[in-house]
Amino acid sequence: MSVIPALFRDAETDHPAVAQWCTTVLVGDTARLLLLGPHWSGKSHTAYAALRRLLTHGYAAADIAVHRALELTGAYEPGVIENAARVTVIDDVTVSVDLVREATVPREPDSVDVQAMMALEAGALADAVDRLSRLPGRSWILVTSSVERLVETVGEETTERLLANAEQAELPPRPRPRLRW
């Protein structure tokens, strides 16, 4: 299975932070990158473009792990992060917070069982990001909407560590595509 989904198979970017991240990884050093920006800013596209660049230059797909935040939390085990490949991407890190903050209509409160499950999943994601941020010799890209929402998602201490150890690339908003029904 390819680490790059079909949707992003031709992804490219000219973002200088991504170019630097790729160069650093390709020479065997450790690189860490926070991709920040609102929905539809191309964060996922940019992350996959970085991976595509690595693969195009001979980096082994077996040395790359990609996780979508919501999928990661469903069956999370710490070993998924601790024993993962040398390059890890976690996409949509802040999606749960983003959905709540960007809701346009009030939502009915979830049942206690659903709230408990969501709390467990949030804790699993926070643990995964925290573990990844502490692992030496690992390169990673975390896709998140903003620093403020990252704090809400993974906590202040982990966010501070991420900010201290990673480059940041802020992507500007793009026009949303028009859906045709």
Side-chain angles (χ1 to χ4, degrees), residues 1-5 8 11 17-18 20-37 43-99 114-169:
M1 180 178 170
S2 174
V3 296
I4 300 177
F8 299 109
V18 172
Q20 181 61 50
W21 185 87
C22 289
T23 299
T24 302
V25 171
L26 288 168
V27 299
D29 289 336
T30 301
R32 294 156 177 169
L33 181 63
L34 287 173
L35 284 177
L36 305 156
K43 299 180 303 290
S44 296
H45 175 96
T46 302
Y48 285 110
L51 296 181
R52 182 172 177 262
R53 188 176 294 179
L54 292 182
L55 294 168
T56 300
H57 286 88
Y59 202 84
D63 289 334
I64 300 172
V66 178
H67 304 284
R68 297 208 39 176
L70 293 177
E71 295 166 0
L72 177 65
T73 61
Y76 175 69
E77 291 289 329
V80 168
I81 297 299
E82 292 171 348
N83 303 319
R86 294 187 323 212
V87 170
T88 300
V89 172
I90 303 180
D91 194 7
D92 291 333
V93 172
T94 56
V95 70
S96 294
V97 173
D98 295 339
L99 292 172
V114 170
Q115 289 180 36
M117 180 191 67
M118 291 169 54
L120 286 172
E121 290 176 346
L125 179 59
D127 183 74
V129 172
D130 180 64
R131 286 177 190 274
L132 184 61
S133 73
R134 295 173 187 272
L135 291 172
R138 292 292 181 84
S139 294
W140 45 258
I141 296 175
L142 298 179
V143 177
T144 178
S145 58
S146 69
V147 172
E148 295 77 20
R149 291 186 181 168
L150 187 59
V151 170
E152 287 185 66
T153 303
V154 301
E156 198 167 319
E157 183 180 323
T158 299
T159 300
E160 287 175 5
R161 187 176 324 100
L162 295 170
L163 294 173
N165 294 305
E167 295 297 319
Q168 296 175 49

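Computation of the quantities below employed the complete heavy-atom set of this structure, encompassing side-chain atoms and omitting hydrogens, waters and symmetry-equivalent molecules.
The existence of a salt bridge linking Asp130 and Arg161 is confirmed by a sub-4.0 Å separation between a basic side-chain nitrogen and an acidic carboxylate oxygen.
Leu142 places none of its side-chain heavy atoms less than 4.5 Å from the side chain of Leu150. Contact annotation: the side chain of Ser96 never approaches that of Met118 to less than 4.5 Å [non-hydrogen atoms, C-beta and beyond]. The shortest side-chain heavy-atom distance between Leu135 and Trp140 does not fall under the 4.5 Å cut-off. You'll find the side chain of Tyr59 reaches within 4.5 Å of the side chain of Arg86, heavy atoms only. The shortest side-chain heavy-atom distance between Ser44 and Asp92 falls under the 4.5 Å cut-off. By the 4.5 Å heavy-atom criterion applied to side chains, Val89 and Leu51 are counted as neighbours. The shortest distance between side-chain heavy atoms of Thr24 and Asp29 falls below 4.5 Å. Using a 4.5 Å heavy-atom threshold, the side chains of Leu54 and Leu26 count as touching.
Here Leu132 contributes atom CG and Ile81 contributes atom CD1; the two are 5.5 Å apart, rounded to the nearest 0.5 Å. Residue Thr73 holds its OG1 atom at 11.0 Å from CZ of Arg68, rounded to the nearest 0.5 Å. Atom CZ of Arg52 sits about 11.5 Å away from atom SG of Cys22, to the nearest 0.5 Å. The CD1 atom of Ile4 lies 5.0 Å from the CG atom of Leu55; values are rounded to the nearest 0.5 Å. For the atom pair Leu35 CG and Ile90 CD1, the distance stands at 12.5 Å (nearest 0.5 Å). Expressed to the nearest 0.5 Å, how far CG of Leu34 lies from CG of Leu163 amounts to 6.0 Å.
With hydrogens and angles disregarded, a donor-acceptor distance shorter than 3.5 Å links the side chain of Lys43 to the backbone of Gly37. With Arg32 contributing its side chain and Ser133 its backbone, the two residues share no donor-acceptor pair below 3.5 Å.
Side-chain contact, Thr94 with Ser145: a donor N or O sits under 3.5 Å from an acceptor N or O.
Here Glu156 pairs with Val151, Glu160 under the side-chain contact (heavy atoms from CB on, under 4.5 Å) rule; sequence neighbours left out.
Within 6.0 Å of CD in Glu167 there are 12 or fewer heavy atoms belonging to other residues, nucleotides or ligands. Atom CD of Glu157 has 12 or fewer heavy atoms from other residues, nucleotides or ligands within 6.0 Å.
In terms of heavy-atom proximity, Ala126 sits nearest to Thr153 at CB-O, 3.8 Å.
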Residue pair Val66, Tyr48: steps toward the side-chain contact (heavy atoms from CB on, under 4.5 Å) verdict: CA-CA 9 Å; Val66 178; Tyr48 285 110; 3.2 Å; yes
Worked verdict on Asp63 versus Val87 for side-chain contact (heavy atoms from CB on, under 4.5 Å): CA-CA 6 Å; Asp63 289 334; Val87 170; 5.9 Å; no
